[in-house]
J.: 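Can you keep this structure in mind? I'll have questions shortly.
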Amino acid sequence: MKIYNTLKKKKEEFVPIEEGKVRMYVCGPTVYNLIHIGNARPMIVFDTVRRYMEYKGYDVNFVSNFTDVDDKIIKAAIEEGVDASVISERYIEECKKDMKAMNVKPATTHPKATEEIDGMLDMIATLIEKGHAYTAEDGTVYFRTRSFKDYGKLSHKNLDDLQGGNRSLLVSGEDQKEDPLDFVLWKPKKEGEPYWESPWCDGRPGWHIECSVMSKKYLGEEIDIHAGGEDLVFPHHENEIAQSEAANGKEFAKYWMHNAFLNIDNKKMSKSLGNFFTVRDISEKYDLQILRFFMLSAHYRSPLNFSADLMEAAKNGLERIITGVENLKYAIGVTAKEQADEKEKELLAEAKGYITKFDEAMDDDFNTADGISAIFELVKFANTHGSTDSSKAFLQGLLDEIKLLCDICGLEVDKQEELLDEEIEALIEERTAARKEKNFARADEIRNELLNKGIILEDTREGVKWKRA
């Protein structure tokens, strides 16, 4: 299994720190509002990475945090006249609802920044003691960036270029810093803000220290994989490395994975352009399984463009797989043949080749686009060779293989049983009887009546099937 490591700028063979186990940290959202579809991409991508690792037999300790203290949370709390915790807890719960709808598995641990303050105070004290941090007159604690000789190794940025070049990369408050490149570990409270006591001042942590501490507590000083969006490479992940390695004296993470940006109709998503969509917005038009399928239709390191046309294409693609699954389930239910014959056994052995193809795609830096292509090929194979004349054993074997690969991708392909009310059931039965009696006028009348009720009928060789409009 090869992973593209941002740190080394190349694919590397994955070798876990501890055999059979994976320690993985993914930066989670700042919970001041509903999550947007940009947040959804790393959630879906790295959930799929986790699922594949588990499929390969690894015991995965998967940690993803909630940043529940932040300027945006405080601003929203002030606007509503409530405590900041009211805002953060509300949107943590809403985030979990959206994650469930996208079939993102809950993390092994979902730590909250506000519950890990003691660990942050300890790490900051260690950094001060080791000479990597210092306290300004107002109680702000800064990380002494030049004290960490490897700073810039993840983003491949040069310290001197940073200081002399793009000033937008620097952190504000330079007047009390030893060096403009130093960044905040702890900052004093402002009026009306939540705060915690510390040896330096009453205040709250900087953003970067949170993940270093939560990763260390729940995964240890050295972890296998640290992941997130490519916008986090600098400064967030660069600063995490500096803090963690300066404090612990060990390599922080072996492999760094970053997903590329999501654009909307080939433009950067922003509220000012009116193209900002929350996951909840998308759920009003599409089942979020379609959003998941769409996200996996491209390699995670490739920029992904979101549009109505592409979502419709994803909807159609997922429907092809679901239809294939439904056809197999129907055939299993009506066939009288139990055991596979020799020809079917040969076909099942041939079908295993699609699992191999899927595995090869995923082993090559989690190429979900090619993995989904393998699923389509397997569905086509099942459609070609499976029928109501096939054996249950053969059909079930094909069905199990399709569902296995879909489950690794987090795709739910079993249609939920939908209950029709007695009136609609009676109309379907009446239409069936009318067709048998060759009363096609009445049959068409009932079809139209059901259509007005949002029920679409499909006459297939297996019988009448229906779906919601």
J.: First locate atom CG of Leu219, then atom CE of Met214, and finally report the distance between them rounded to the nearest 0.5 Å.
T.: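 Result: 11.5 Å between the selected atoms.
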J.: Compare all side-chain heavy atoms of Ile92 with those of Lys112 and state whether any distance is below 4.5 angstrom.
T.: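 Yes, side chains in contact.
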J.: Check this for me, if you would: do Arg51 and Asp47 make a salt bridge, where the nitrogen-to-carboxylate-oxygen distance has to be below 4.0 angstrom?
T.: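 The answer is yes: the pair qualifies as a salt bridge.
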J.: Could you check whether Glu284 pairs with Arg280 (Lys NZ or Arg NE/NH1/NH2 to Asp/Glu carboxylate O, under 4.0 Å)?
T.: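 Answer for the salt bridge query: no.
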J.: Establish, from distance only, whether the side-chain atoms of Asp281 and Thr278 form a donor-acceptor pair under 3.5 Å.
T.: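 Checked: Asp281/Thr278 side chains pair up, N/O donor to acceptor below 3.5 Å.
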J.: Return the minimal non-hydrogen interatomic distance between Cys27 and His226, and the atom names on each side.
T.: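 The pair with the smallest heavy-atom distance is SG-CE1, 3.6 Å.
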J.: Heavy atoms only: give me the nearest Ser297-Ile372 pair and the separation to one decimal.
T.: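 Smallest heavy-atom distance, with atoms named: N-CD1, 4.3 Å.
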J.: Mind checking the CD1-CG spacing from Ile44 to Asn259? Nearest 0.5 Å is all I need.
T.: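 Reported to 0.5 Å precision, the distance equals 10.5 Å.
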J.: Ser215 side chain to Ser212 main-chain N or O, any donor-acceptor pair under 3.5 Å?
T.: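 Side chain of Ser215 to backbone of Ser212: no pair is present.
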J.: Would you say the side-chain atoms of Asp309 and Ser307 include a donor-acceptor pair closer than 3.5 Å?
T.: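 There is no such pair between these side chains.
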J.: Mind running salt bridge (charged side-chain N to carboxylate O under 4.0 Å, His left out) on Glu360 and Lys357 for me, showing each step along the way?
T.: CA-CA 5 Å; Glu360 288 172 350; Lys357 191 171 184 178; over 6 Å; no
J.: Going by an N to O cut-off under 4.0 Å, is there a salt bridge joining Lys105 and Glu54?
T.: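 Answer for the salt bridge query: yes.
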J.: Okay, side chain of Tyr32, backbone of Ile74: is any donor-acceptor separation there less than 3.5 Å?
T.: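 Between the backbone of Ile74 and the side chain of Tyr32 there is no qualifying donor-acceptor contact (under 3.5 Å).
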J.: Quick one: does Glu116's side chain have a donor or acceptor within less than 3.5 Å of a partner on Pro111's backbone?
T.: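 No, the answer is negative, given that no donor and acceptor are paired below the 3.5 Å cut-off.
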J.: For Asn39 and His36, indicate whether the former's side chain and the latter's backbone hold a donor-acceptor pair under 3.5 Å.
T.: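 Checked: pair present.
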J.: What do you reckon, is CD of Gln339 surrounded by more than 12 foreign heavy atoms closer than 6.0 Å?
T.: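 Result for CD/Gln339: open.
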J.: Step through it carefully: locate the ring centre of Phe62, locate the ring centre of Phe46, and say whether they are under 6.0 Å apart.
T.: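 Centroid distance Phe62-Phe46: not below 6.0 Å, so no.
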J.: Under a 4.5 Å cut-off applied to non-hydrogen side-chain atoms, are Ile282 and Leu288 in contact?
T.: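 When only atoms from C-beta onward are counted, Leu288 and Ile282 do touch, with a gap below 4.5 Å.
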J.: What's the separation between atom CZ in Phe294 and atom CG in Leu318, rounded to the nearest 0.5 Å?
T.: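 Result: 13.5 Å between the selected atoms.
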J.: Within the distance-only criterion (no hydrogens, no angle test), does the side chain of Tyr354 pair as donor or acceptor with the backbone N or O of Ile402 below 3.5 angstrom?
T.: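 Such a contact is absent between Tyr354 side chain and Ile402 backbone.
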J.: CD/Glu412 to CE/Met102 distance, rounded to the nearest 0.5 angstrom?
T.: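 It comes to 12.0 Å.
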J.: Begin with the C-alpha distance, continue with both residues' side-chain angles, and end with the deciding distance and a verdict on side chain to side chain donor-acceptor pair (under 3.5 Å) for Asn275 and Lys267.
T.: CA-CA 8 Å; Asn275 66 351; Lys267 295 178 181 177; over 6 Å; no
J.: Please state whether the rings of Phe14 and Tyr58 are parallel, tilted or perpendicular, taking 30° and 60° as the class boundaries.
T.: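 Rings of Phe14 and Tyr58: perpendicular, over 60°.
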J.: Whether the side chain of Thr6 engages the backbone of Trp256 through a donor-acceptor N/O pair (distance < 3.5 Å, no angle test) should be reported.
T.: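 It does hold such a pair.
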J.: Is it the case that the side chain of Glu238 and the backbone of Pro235 share a donor-acceptor pair, with hydrogens and angles ignored and the cut-off at 3.5 Å?
T.: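 Checking the backbone N and O of Pro235 against the side chain of Glu238, no donor-acceptor pair under 3.5 Å is found.
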J.: Does the plane of the ring in Phe306 sit parallel, tilted or perpendicular to the ring in Phe277? Use 30° and 60° as the thresholds.
T.: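 Tilted: the ring planes of Phe306 and Phe277 meet at 30° to 60°.
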J.: Answer yes when Glu377 and Lys380 have at least one side-chain N-carboxylate O distance shorter than 4.0 Å, and no when they do not.
T.: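 No, no charged N to carboxylate O under 4.0 Å.
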J.: Are any of the side-chain heavy atoms of Lys72 and Asn33 separated by less than 4.5 Å?
T.: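 Lys72 vs Asn33: side chains apart.
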J.: Would you sort out whether Arg435 and Asp459 count as a side-chain contact (heavy atoms from CB on, under 4.5 Å), showing the intermediate values?
T.: CA-CA 11 Å; Arg435 285 170 61 85; Asp459 295 311; 3.8 Å; yes
J.: Heavy atoms only: give me the nearest Asn5-Lys254 pair and the separation to one decimal.
T.: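 Result for this residue pair: ND2-O, 2.8 Å.
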J.: Gln396: which residues meet the side chain to side chain donor-acceptor pair (under 3.5 Å) condition with it, sequence neighbours left out?
T.: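 Counting only residues at least two positions away or on another chain, Gln396 forms a side chain to side chain donor-acceptor pair (under 3.5 Å) with Asp400.
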J.: In the structure I gave you, are the side-chain heavy atoms of Phe252 and His237 within less than 4.5 Å of one another anywhere?
T.: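 No, every pair of side-chain atoms sits at 4.5 Å or beyond.
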J.: Do you know the tightest heavy-atom contact between Arg292 and Cys409?
T.: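 Looking at all heavy atoms of both residues, the shortest contact is NE-O, 2.7 Å.
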J.: Do the side-chain N and O atoms of Tyr55 and Asp407 include a donor-acceptor pair separated by under 3.5 angstrom?
T.: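 The criterion, which ignores hydrogens and geometry beyond distance, is not satisfied for Asp407 and Tyr55.
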J.: Compare all side-chain heavy atoms of Arg50 with those of Val26 and state whether any distance is below 4.5 angstrom.
T.: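 Arg50 vs Val26: side chains apart.
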J.: List the atom of Gly371, the atom of Ala361, and the distance in Å for their closest heavy-atom pair.
T.: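 Smallest heavy-atom distance, with atoms named: N-CB, 3.6 Å.
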J.: So how far is it from Ile264 CD1 to Leu304 CG, rounded to the nearest 0.5 Å?
T.: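 Going from CD1 on Ile264 over to CG on Leu304, the span is 9.0 Å.
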J.: Got a sec: does the CD of Glu458 have more than 12 other heavy atoms crowding it under 6.0 Å?
T.: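 Yes, the 6.0 Å shell around CD holds more than 12 heavy atoms from other groups.
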J.: Quick one: does any side-chain atom of Asp68 pair with a main-chain N or O of Ala113 as donor and acceptor, under 3.5 Å?
T.: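 Yes, the answer is positive, given that a donor and an acceptor are paired below the 3.5 Å cut-off.
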J.: Check whether Glu221 reaches the backbone of Lys250 with its side chain - one donor and one acceptor, N or O, closer than 3.5 Å.
T.: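 Not at all, since once roles are kept as given, no pair shorter than 3.5 Å links the two residues.
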J.: Is it the case that Glu350 and His385 place a side-chain donor and acceptor less than 3.5 Å from each other?
T.: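 No pair is found: no donor N or O on one side chain lies under 3.5 Å from an acceptor on the other.
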J.: Answer yes or no: is there an ion pair linking Glu230 with Arg41, defined by an N-O contact shorter than 4.0 Å?
T.: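 A salt bridge is absent here (no side-chain N lies under 4.0 Å from a carboxylate O).
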J.: Please evaluate residues Glu437 and Arg442 with respect to the criterion salt bridge (charged side-chain N to carboxylate O under 4.0 Å, His left out), reporting the C-alpha separation (whole Å), side-chain torsions for both, the decisive distance (0.1 Å), and the verdict.
T.: CA-CA 10 Å; Glu437 295 167 2; Arg442 176 56 182 156; over 6 Å; no
J.: Judged by modelled atom types alone, do Asp363 and Tyr52 share a side-chain donor-acceptor pair under 3.5 Å?
T.: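 Yes, Tyr52 and Asp363 have a side-chain donor paired with an acceptor closer than 3.5 Å.
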J.: Would Arg204 and Asp71 pass as an ion pair if we require N to O under 4.0 Å?
T.: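 So Arg204 pairs with Asp71 through a salt bridge.
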J.: Drop me the distance from Leu378's CG to Leu405's CG, to the nearest 0.5 angstrom.
T.: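 That separation rounds to 6.5 Å.
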J.: Within a strict 4.5 Å, meaning less than it, do heavy atoms of the Met257 and Tyr300 side chains meet?
T.: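 Side chain of Met257 against side chain of Tyr300, heavy atoms only: contact under 4.5 Å found.
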J.: Is the backbone N or O of Thr335 less than 3.5 Å from a side-chain atom of Lys392, with the two atoms forming a donor-acceptor pair by type?
T.: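 Yes, because the side chain of Lys392 sits within donor-acceptor range (under 3.5 Å) of the backbone of Thr335.
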J.: For a side-chain contact (heavy atoms from CB on, under 4.5 Å) check, start with the C-alpha distance between Tyr255 and Leu7, then their side-chain angles and the critical distance, and finish with the verdict.
T.: CA-CA 7 Å; Tyr255 305 90; Leu7 188 67; over 6 Å; no
J.: Using every non-hydrogen atom in the two residues, find where Cys211 and His236 come nearest and quote the distance to one decimal.
T.: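 That would be SG-NE2, 3.5 Å.
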J.: Where do Met24 and Asn61 land on the side-chain contact (heavy atoms from CB on, under 4.5 Å) test, with the steps shown first?
T.: CA-CA 6 Å; Met24 185 172 181; Asn61 187 350; over 6 Å; no
J.: Test salt bridge (charged side-chain N to carboxylate O under 4.0 Å, His left out) on Glu222 and Arg23 and set out the steps.
T.: CA-CA 9 Å; Glu222 298 175 279; Arg23 286 173 263 179; over 6 Å; no
J.: Test Ile35 against Met43 for side-chain contact (heavy atoms from CB on, under 4.5 Å), laying out the working first.
T.: CA-CA 11 Å; Ile35 60 169; Met43 288 179 179; 3.9 Å; yes
J.: Would Asp122 and Lys216 count as a salt bridge (charged side-chain N to carboxylate O under 4.0 Å, His left out) here? Give the steps.
T.: CA-CA 12 Å; Asp122 288 344; Lys216 179 179 179 179; over 6 Å; no
